[in-house]
Amino acid sequence: MSQKPSISKGTRDLLPSDVIKRNYIFDCIRKAFRLHGFLPIETPSFELSSTLMGKYGEEGDRLIFRILNSGEKMKKADLSALQENNLPKFANSLSEKALRYDLTVPFARFVVQHQNSLTFPFKRYQIQPVWRADRPQHGRYQEFFQCDGDVVGSDSLWHEVDLLHIVDEVLTELNLPGFTLKINNRKILAGIAEICGETNRIVEITVSLDKLDKIGEEGVVQELKDKGFSEGTIEKITPLFSLQGDFDDRVGYLTRFLASSSVGLEGLEELKFIHEKIKQFPLQKGEVMLDVTLARGLNYYTGAILEVSAHGVQMGSICGGGRYDDLTALFGLKGLSGVGVSFGADRIYDIMETLQLFPEALNSDLDVLFLNFGEKETDVCQSLCMQLRKLGFSSEVYPSNVKIQKQMKYANDRKVKWVAILGEDELNNGTIALRNMVDGNQEMIELSQFISRFHSDSAPKTQ
RNA sequence: GAGGUUGUAGCUCAGUUGGUUAGAGCGUCGGUUUGUGGUUCCGAAGGUCGCGGGUUCGAGACCCGUCUUCCUCCCCA
């Protein structure tokens, strides 16, 4: 009985080299968060359905992976709901648990649940997989990792500044050639809606606005028309399409545009603060841009909205984030402001792969291989091998005394840096041969000098 | 969730209007007189042609369903 091996759609296996590369990204993100005082946490991969459902809008619920009840619980299935064609209700009767859809909502639950053991402002980072029942596409998977950092319990805008620096540090260290940090503020979007006299339809307006770079000015206008907005509203919004110039120019224009909206001006003030601080404490490689069409975001953002895109590749956003003032209120804790950022590690991975940004050194994970010539020789090698490990060099002894050609081939396939050869002759002479597998050079070394070679400058270095 | 697209050896792909025993390259494994890899040479293994049904004397080729792939929309990392 054999079965054709395959994996579920939207998921991937990772080969050793893939994991090594991804860990490289994770390590970089972890390091940045740690340096900025964030603490690590973890939450379960699945939560109670009630924790997740209804938190991501109507569309969101559809994309949540539900976990089917098992055993006796299956009898709870609400068949009458099925007959009434009330599928959501039927689904709820079949399932009490669901895979987490992001890290932010579980984090909000976590904060409320553990509020007595946390010190606020609480800064946490979390690197774990999330699942979405989305249709897979380029750069979109059903299982992918998010790397989130959030601060709760402080409404200071310095956190927004801090998060921009974290993004910049990570992407700069990963050697991305360039990237833009687009920022906006939900309050500005609210102001725009207010100016249009459509305060209640802010989401509809901004969702259309967000598509500007995708479907163009005409497309947005058409979509607004289709949604039933008046000519007057559309006329008011149109000038925003051609908003140009640098950050200050745009702020200047928006100051006039939003003059009669107090909430809009408030949002603008927040952006100005962030921008000022970034000018004062500049980023390394990131370019900050004010983008009023940026409306991404889960329904819960209330202040700053952030999205990062890499230059030179066709790929959706690689980081997103923003401020949400009342997320924990959903779980009964009011008045706790949060702000956070999320790295899309899998997309960053894909970009680094296409732009070939991974360091060459990641390919070689074994520094030294000792060839196996039999038990007597191997005893000596084993001792040397253990000493090398203590010095931090990854090394191993070939497990069996097979043809040298085969052992060499193994070393080659493993991309080993050095092969140590100790056969009968060497054993009798008290020497050992060390072969550099990159350039093919081989030299004889006194056995007693072997380990010290790995202290000296000419020795191979782990990178 | 809507529309389109794809599926042949481990990988990349051939396969003529339906017609014997489905091919190639790469990779894998073995050998090339067991002390030297990445470049030679010889040989071998490996496929119920995504899966299920149908049309036909006959299907890898045609039809239906299903899953998968990639793309557009929706939405998002």
Side-chain angles (χ1 to χ4, degrees), chain A residues 2-13 15 25 29 56-64 87-88 101-104 127-148 167 203 207-208 210-211 214-215 219 223 294-299 306-310 314-321 340-351 369 371-374 377 398 400-427 432-442 444:
Chain A
S2 88
Q3 187 189 352
K4 181 165 183 160
S6 65
I7 54 175
S8 185
K9 71 172 173 180
T11 65
R12 303 171 292 173
D13 281 331
L15 294 170
I25 295 174
I29 293 171
Y56 308 101
E58 284 175 46
E59 285 297 312
D61 281 3
R62 200 191 76 209
L63 300 177
I64 293 175
L87 295 181
Y101 177 87
D102 71 357
L103 300 179
T104 308
I127 299 178
Q128 290 190 277
V130 302
W131 294 268
R132 296 187 186 177
D134 204 357
R135 192 160 296 218
Q137 256 181 65
H138 178 60
R140 317 176 71 167
Y141 306 95
Q142 292 198 336
E143 178 185 61
F144 60 97
F145 270 83
Q146 281 191 335
C147 314
D148 279 26
V167 169
V203 172
V207 162
S208 297
D210 188 48
K211 294 179 190 162
K214 212 169 187 178
I215 60 179
E223 190 168 309
L294 176 60
R296 251 355 128 69
L298 306 168
N299 303 339
L306 166 70
E307 181 175 301
V308 183
S309 54
Q314 194 67 39
M315 179 72 71
S317 64
I318 53 175
C319 303
V341 66
S342 174
F343 288 86
D346 297 80
R347 284 191 178 175
I348 294 173
Y349 180 103
D350 286 349
I351 288 172
L369 176 76
L371 298 194
N372 188 321
F373 284 84
E377 292 87 348
Y398 195 88
S400 49
N401 178 14
V402 297
K403 281 203 315 194
I404 297 311
Q405 189 183 9
K406 193 180 165 90
Q407 299 191 38
M408 288 300 288
K409 184 166 160 40
Y410 172 81
N412 192 57
D413 291 346
R414 284 287 308 267
K415 295 190 170 64
V416 175
K417 295 195 189 89
W418 297 81
V419 166
I421 302 162
L422 192 151
E424 198 181 352
D425 296 346
E426 285 84 356
L427 194 60
I432 184 167
L434 187 61
R435 184 179 180 85
N436 181 327
M437 291 297 282
V438 178
D439 57 25
N441 291 332
Q442 184 170 320
M444 293 299 273

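Letters A, B, ... mirror the listed sequences (proteins, then strands); counts begin at 1.
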**Fill in**
Stems field, RNA chain B, Watson-Crick or wobble, 3.5 Å, at least 3 pairs, by first number, holds B:1-4 with B:70-73, B:10-13 with B:23-26, B:28-31 with B:41-44, B:50-54 with B:62-66
**Prompt:** B:C71 phosphate, OP1 or OP2: any side-chain N/O from A:His138 under 4.0 angstrom?
**Reply:** yes
**Asked** Relative to the 5' end of RNA chain B, which residue comes earlier, A:Lys211 or A:Ser342, by the nucleotide with the nearest heavy atom?
**Response** A:Lys211
**Rounded C1' spacing from B:G46 to B:G25 in Å** = 15 Å
**Request:** With P as the reference atom in both, quote the distance from B:G60 to B:A2 in angstrom, rounded to an integer.
**Result:** 32 Å
**Request:** Between B:U8 and B:U16, how far apart are the P atoms? Round to whole Å, please.
**Result:** 16 Å
**Prompt:** Is a side-chain donor or acceptor of A:Arg347 paired with a backbone partner of A:Ser317 at a separation under 3.5 angstrom?
**Reply:** yes
**Request:** Using the P atom as the reference point in each nucleotide, state the distance between B:C51 and B:G43 in Å, no decimals.
**Result:** 32 Å
**Asked** Starting at CZ of A:Arg12 and ending at P of B:U68, how long is that distance when rounded to a whole Å?
**Response** 17 Å
**Request:** Output yes when a side-chain donor or acceptor of A:Gln142 lies under 3.5 Å from a complementary backbone atom of A:Pro136, and no otherwise.
**Result:** no
**Message:** Could you check whether the side chain of A:Arg140 and the base of B:A77 have a donor-acceptor pair of N or O atoms closer than 3.5 Å, going by distance alone?
**Reply:** no
**Request:** Pick the C1' atom in B:A14 and in B:G23, then give their distance to the nearest Å.
**Result:** 7 Å
**Rounded interatomic separation in angstrom, taking OH from A:Tyr56 and C1' from B:C74** = 19 Å
**Asked** Roughly how far apart, to the nearest Å, are B:C29 and B:U40 at atom P?
**Response** 15 Å
**Request:** Please work out whether the ring planes of A:Tyr56 and A:Tyr101 are parallel, tilted or perpendicular, with thresholds of 30° and 60°.
**Result:** tilted
**Prompt:** A:Asp346 near the nucleic acid: base, sugar-phosphate alone, or nothing, with a heavy-atom cut-off under 4.0 Å?
**Reply:** nothing
**Request:** Could you measure between the two P atoms, the one in B:C62 and the one in B:G3, and give it in whole Å?
**Result:** 22 Å
**Request:** Using the P atom on both, measure B:A77 against B:U48 and round to a whole Å.
**Result:** 43 Å
**Message:** Do A:Ile318 and A:Phe343 make a side-chain contact, defined as non-hydrogen atoms from C-beta onward lying under 4.5 Å apart?
**Reply:** no
**A:Ala433 to A:Gln442 - nearest heavy-atom pair and separation** = CB-NE2, 3.7 Å
**Asked** Tell me, do A:Leu369 and A:Trp418 make a side-chain contact under 4.5 Å, heavy atoms counted?
**Response** no
**Request:** Report yes if a donor N or O on one partner sits less than 3.5 Å from an acceptor N or O on the other, where the partners are the side chain of A:Arg347 and the base of B:C76; otherwise report no.
**Result:** yes
**Message:** What I'd like to find out is whether the side chain of A:Asp102 reaches to under 4.5 Å of the side chain of A:Arg132, using heavy atoms alone.
**Reply:** yes
**Prompt:** Any donor-acceptor pair under 3.5 Å linking the side chain of A:Asp346 with the backbone of A:Phe145?
**Reply:** yes
**Asked** So what does A:Gly10 hit on the nucleic acid, given a heavy-atom distance under 4.0 Å: a base, only sugar-phosphate, or nothing?
**Response** sugar-phosphate
**Prompt:** So, A:Phe343 and B:A77: ring centres less than 5.5 Å apart, planes less than 30° off, yes or no?
**Reply:** no
**Request:** Scan nucleotides 34-42 of chain B nucleotide by nucleotide, 5' to 3', and note B when protein non-hydrogen atoms come under 4.0 Å of the base, S if they reach only the sugar-phosphate, - if neither.
**Result:** SBBBB----
**Asked** Any donor and acceptor pair, going by atom type alone, linking the side chain of A:Gln407 with main-chain N or O of A:Asn372 inside 3.5 Å?
**Response** yes
**Message:** Taking the minimum atom-to-atom distance to the side chain of A:Arg135, which one of B:U69, B:G3, B:C75 wins?
**Reply:** B:G3
**Message:** Just to be sure I understand the rule, does A:Tyr141 reach a base, reach only the sugar-phosphate, or reach nothing, if contact means heavy atoms closer than 4.0 Å?
**Reply:** base
**Prompt:** Any side-chain heavy atom of A:Arg140 sitting closer than 4.5 Å to one from A:Arg135?
**Reply:** no
